[in-house]
Amino acid sequence: MGHDPRLTPPTAYAATSTASPATKGHLGPRLSSLRADPSARLAKVTREIETYWELALAPYWGRIRAVLDADVFHRARTAAEHGTGRLFNEAHSSISWDASTLNLVRSKQITPQVSPPDPPQLAYPTRGTGTLWETRPTTGTHALIPVLGRSRTLLLTELESPASTTELAHRTWLSPAGVSQNLTAPRDAGLVSPHRAGRSVLYARTGAAESLLDAASLTCSTSRRRDRPE
């Protein structure tokens, strides 16, 4: 998940809460209590962050990470092949690089962030976010049946969005016990991951499963083109 807030020295919270541009020097009651006694309040803050992660980000992190990794790769390649100027000029229309000067027009999409003593940061829209929630094609998944089995392949296909075993049972006509049994091996292999949401446990496809389904779909498409009569 990244940096664990429990490992941050309490004194750092007192400094950053005051320095944050969002507070403008005025702390509300919650930030004031954290600043006054970070050791006592930190455990609750950490639990809230973990709950948010499990519900809002973790089930979709495979997709999000893939988009971010692709963007980083593209930016790094642009900088290596064409230089820093091209990198900044292509990042957003509000950014331009002129000789040795970086020009920035503040906008809703571009946010310069400075939180001493951290280095300056520039937040910009990631390439490919429009495809983040697109439904992936599931054609060709029959090629996975000899490898994973029919039920496991069906469950991976149904996990386009995170779902509980009860939901998957309704969708697939498998019994809840059968769904749980068939998710065990994919979970152990890193193809699905469980995430608790209140009293329920939601299962989500991982990045490895997305790659596996994409590869099966691509292989099927290639085979169809090869077998198509001239």
Side-chain angles (χ1 to χ4, degrees), residues 1-4 6 46-74 125-230:
M1 183 181 156
H3 176 69
D4 189 335
R6 290 168 294 192
T46 301
R47 287 195 300 270
E48 293 293 334
I49 293 174
E50 288 176 341
T51 300
Y52 177 80
W53 162 259
E54 289 291 341
L55 296 179
L57 292 176
Y60 312 102
W61 185 243
R63 285 187 171 197
I64 296 171
R65 181 62 184 268
V67 171
L68 293 174
D69 285 345
D71 182 81
V72 170
F73 176 81
H74 171 78
T126 304
R127 297 173 71 255
T129 52
T131 65
L132 187 58
W133 307 116
E134 285 183 351
T135 300
R136 309 290 179 87
T138 55
T139 56
T141 54
H142 63 274
L144 293 175
I145 292 176
V147 181
L148 301 177
R150 185 176 301 276
S151 295
R152 290 170 183 158
T153 301
L154 176 60
L155 289 172
L156 279 186
T157 303
E158 287 294 328
L159 284 175
E160 180 66 34
S161 59
S164 66
T165 55
T166 302
E167 290 179 78
L168 290 170
H170 285 310
R171 293 184 200 171
T172 61
W173 297 94
L174 296 171
S175 68
V179 170
S180 296
Q181 181 180 1
N182 281 287
L183 285 176
T184 300
R187 182 194 62 203
D188 293 342
L191 296 178
V192 300
S193 57
H195 307 277
R196 180 162 293 281
R199 296 182 179 181
S200 301
V201 175
L202 301 181
Y203 287 86
R205 289 198 306 235
T206 64
E210 299 285 357
S211 298
L212 186 63
L213 291 170
D214 288 345
S217 180
L218 178 61
T219 300
C220 181
S221 299
T222 303
S223 298
R224 286 201 301 266
R225 287 196 300 269
R226 187 172 54 245
D227 296 339
R228 188 179 301 162
E230 298 293 338

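- Scanning for side-chain contact (heavy atoms from CB on, under 4.5 Å) contacts around Q181 gives an empty result, with sequence neighbours left out.
- Although no hydrogens or angles enter the test, the distance criterion places no donor-acceptor pair under 3.5 Å between the side chain of S164 and the main chain of V201.
- Smallest separation of non-hydrogen atoms from A208 and G190: CB-O, 3.8 Å.
- Considering every non-hydrogen atom in both V147 and A143, the closest pair reads CG2-O, 4.3 Å.
- With rounding to the nearest 0.5 Å, the separation of CG in L155 from CZ in R205 is 11.0 Å.
- For T184, the side-chain contact (heavy atoms from CB on, under 4.5 Å) partners are R187, D188, not counting sequence neighbours.
- Remark: side-chain polar atoms of T126 are not paired, donor with acceptor, to backbone N or O of T129 under 3.5 angstrom.
- Rounding to the nearest 0.5 angstrom, the gap separating the OG atom in S151 from the CG atom in L156 is 11.0 Å.
- The one candidate from L183, L174, N182 that meets the side chain to side chain contact (heavy atoms under 4.5 Å, CB included) condition with T165 is L183.
- Closest approach of A169 to P176, counting heavy atoms only: CB-N, 3.9 Å.
- Across all their heavy atoms, E158 and R171 have their closest contact at O-NH1, 2.7 Å.
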Open item on the list: Using the rule given for side-chain contact (heavy atoms from CB on, under 4.5 Å), can you reason through L213 versus L144, listing the C-alpha separation, both sets of side-chain angles and the distance that settles it, and then say yes or no?
Closed with: CA-CA 8 Å; L213 291 170; L144 293 175; 3.7 Å; yes
- [ ] For the pair L159 and L168, evaluate side-chain contact (heavy atoms from CB on, under 4.5 Å) and give the outcome as yes or no after the intermediate values.
- [x] CA-CA 8 Å; L159 284 175; L168 290 170; 3.9 Å; yes
